**Student:** 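Have a look at this one before I ask anything.
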Amino acid sequence: MCMLTAIVLTLNEQAHLPECLASLAFADALLVFDSFSSDRTVEIAIAAGARVVQHAFKDYAAQRNAALDAVQSDWVLFVDADERVPAQLAQEVRSAIAQTDRAAWWVPRHNYILGRLTLHAGWFPDYQLRLLRPHCVRYDSSRPVHELAQITGTSAQLAQPLVHLNYATVREFVAKQRVYAELEAAGMRQAGQRAGAHQPLTMALRQFYWRFITLAGWRMGLHGALLALLMAHSQWLSYRNLRRAS
């Protein structure tokens with residue numbers, strides 16, 4: 001039988017971690033890959049029977065690669081602390097890893113944003129590469145955020161979604177997007193990109209149009225408009241940071 005290790009990347013996740021780990025009870029092993037949390041994250045992980053490895057955070061791609069290097073398992077399932085694996089998905093994961101012709105599986109997500117299941121504006125199906133053979137996947141070091149997986153072999157899509165408790169408040173949304181914007185700007189700089197004087201504004205406007213019109217955010221009314229506006233602000237931050245460093 002194939003061995004499955006569930007990996008959770010953490011930094012001060014004491015609020016989310018207990019329910020996350022409880023939803024991963026179907027895995028053969030649990031690894032909490034921690035960025036030196038200062039709260040009770042490590043204590044909670046150990047109490048739940050997880051192995052804990054602490055590793056300094058550089059960026060998301062590097063952290064995932066380091067976590068893959070820390071396991072000896074046939075398969076790995078990456079789950080964020082604010083995600084939950086429903087029973088139907090757990091069953092599908094077990095069936096998927098029994099197949100020998102796949103290197104990785106993409107998992108859809110149900111994103112709950114500001115307390116509401118969000119199915120438009122680009123938030124569904126929101127496929128994430130989460131179920132994989134460790135020796136078949138590496139994450140592109142030039143993409144420090146919104147990681148790009150490099151797969152050796154074939155991949156396919158699962159049907160059952162992860163539950164993602166994403167952004168409970170506008171303040172949390174903005175705070176996280178500030179971090180992502182800094183990392184995204186650093187990645188663009190590393191790739192040799194530069195930003196023109198008007199690019200922060202034009203890219204923000206394009207992002208709003210894409211989210212609200214092209215990806216049908218308008219179907220969610222004010223909720224869709226708010227999310228499109230928040231993502232436009234995030235895009236503005238990314239290009240503003242890139243502009244300042246140019």
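Fair warning: this is a prediction, and the values are worked out from it, not measured in the lab. Only heavy atoms go into these numbers, but all of them, side chains included; no hydrogens, no water, no symmetry mates.
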**Student:** Run the salt-bridge test on D80 and R64 with the 4.0 Å N-O cut-off and return the result as yes or no.
**Tutor:**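 So D80 pairs with R64 through a salt bridge.
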
**Student:** Distance alone, cut at 3.5 Å: any donor-acceptor contact between the side chains of D82 and N166?
**Tutor:**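 Result is no, nothing qualifies.
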
**Student:** Using a 4.5 Å cut-off between side-chain heavy atoms of Ile, Leu, Val, Met, Phe, Trp and Tyr, which other residues end up in the same hydrophobic cluster as L30?
**Tutor:**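 Besides L30, the cluster holds L4, V8, L17, L21, L24, F26, V32, V42, I44, I46, V52, W75, L77, V79, V85, L89, V93, I97, W105, V107, L131, L158, L162.
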
**Student:** Considering all heavy atoms of both residues, which atom of Y60 and which atom of L183 are nearest to each other, and what is their separation?
**Tutor:**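 Y60 and L183 have their closest heavy atoms at CE1-CD1, 3.6 Å.
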
**Student:** For A67, enumerate each residue passing the side chain to side chain contact (heavy atoms under 4.5 Å, CB included) test, keeping only those at least two apart in sequence or located in another chain.
**Tutor:**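 Residues passing side chain to side chain contact (heavy atoms under 4.5 Å, CB included) with A67: I7, L9, F33, F78.
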
**Student:** Do T10 and D34 have side-chain N/O donor and acceptor atoms under 3.5 Å apart?
**Tutor:**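 A donor-acceptor contact under 3.5 Å links the two side chains.
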
**Student:** Checking side-chain polar atoms at under 3.5 Å, does Q177 have a donor or acceptor matched by the opposite partner on H233?
**Tutor:**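 No pair is found: no donor N or O on one side chain lies under 3.5 Å from an acceptor on the other.
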
**Student:** Do T118 and H223 have side chains that get closer than 4.5 Å, going by heavy atoms?
**Tutor:**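 Yes - at least one pair of side-chain heavy atoms lies under 4.5 Å apart.
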
**Student:** For the pair R211 (side chain) and A121 (backbone), establish whether a donor and an acceptor sit closer than 3.5 Å, ignoring hydrogens and angles.
**Tutor:**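 Yes, because the side chain of R211 sits within donor-acceptor range (under 3.5 Å) of the backbone of A121.
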
**Student:** Out of curiosity, does F124 fall in the hydrophobic cluster containing L117 (side-chain heavy atoms, cut-off under 4.5 Å, transitive links)?
**Tutor:**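 The answer is yes; both residues are in one hydrophobic cluster.
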
**Student:** Test: ring pair (Phe, Tyr, Trp, His ring centres under 6.0 Å). Region: residues 192-212. Which pairs qualify, not counting sequence neighbours?
**Tutor:**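 Those involving residues 192-212 are F208-F212.
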
**Student:** Can you confirm whether the side chains of N12 and Q14 place a donor and an acceptor under 3.5 Å from each other?
**Tutor:**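 Note: N12 and Q14 side chains miss the donor-acceptor criterion.
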
**Student:** Determine whether a donor-acceptor pair (N or O, by modelled atom type, separation under 3.5 Å) exists between the side chain of T5 and the backbone of S73.
**Tutor:**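 Looks like no, no N/O pair under 3.5 Å.
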
**Student:** Can you establish whether the number of heavy atoms outside Q54 located under 6.0 Å from its atom CD is more than 12?
**Tutor:**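 For Q54, atom CD is crowded (more than 12 foreign heavy atoms under 6.0 Å).
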
**Student:** I'd like to know if R178 and E182 make a salt bridge, using a cut-off of under 4.0 Å between side-chain N and carboxylate O.
**Tutor:**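 Not counted as a salt bridge, because no side-chain N and carboxylate O are separated by less than 4.0 Å.
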
**Student:** Any non-hydrogen side-chain atom of R243 less than 4.5 Å from a side-chain atom of Q199?
**Tutor:**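 Heavy-atom side-chain distance check fails, nothing below 4.5 Å.
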
**Student:** Mind checking whether Y112 and H164 have ring centres under 6.0 Å apart?
**Tutor:**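 No, too far apart.
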
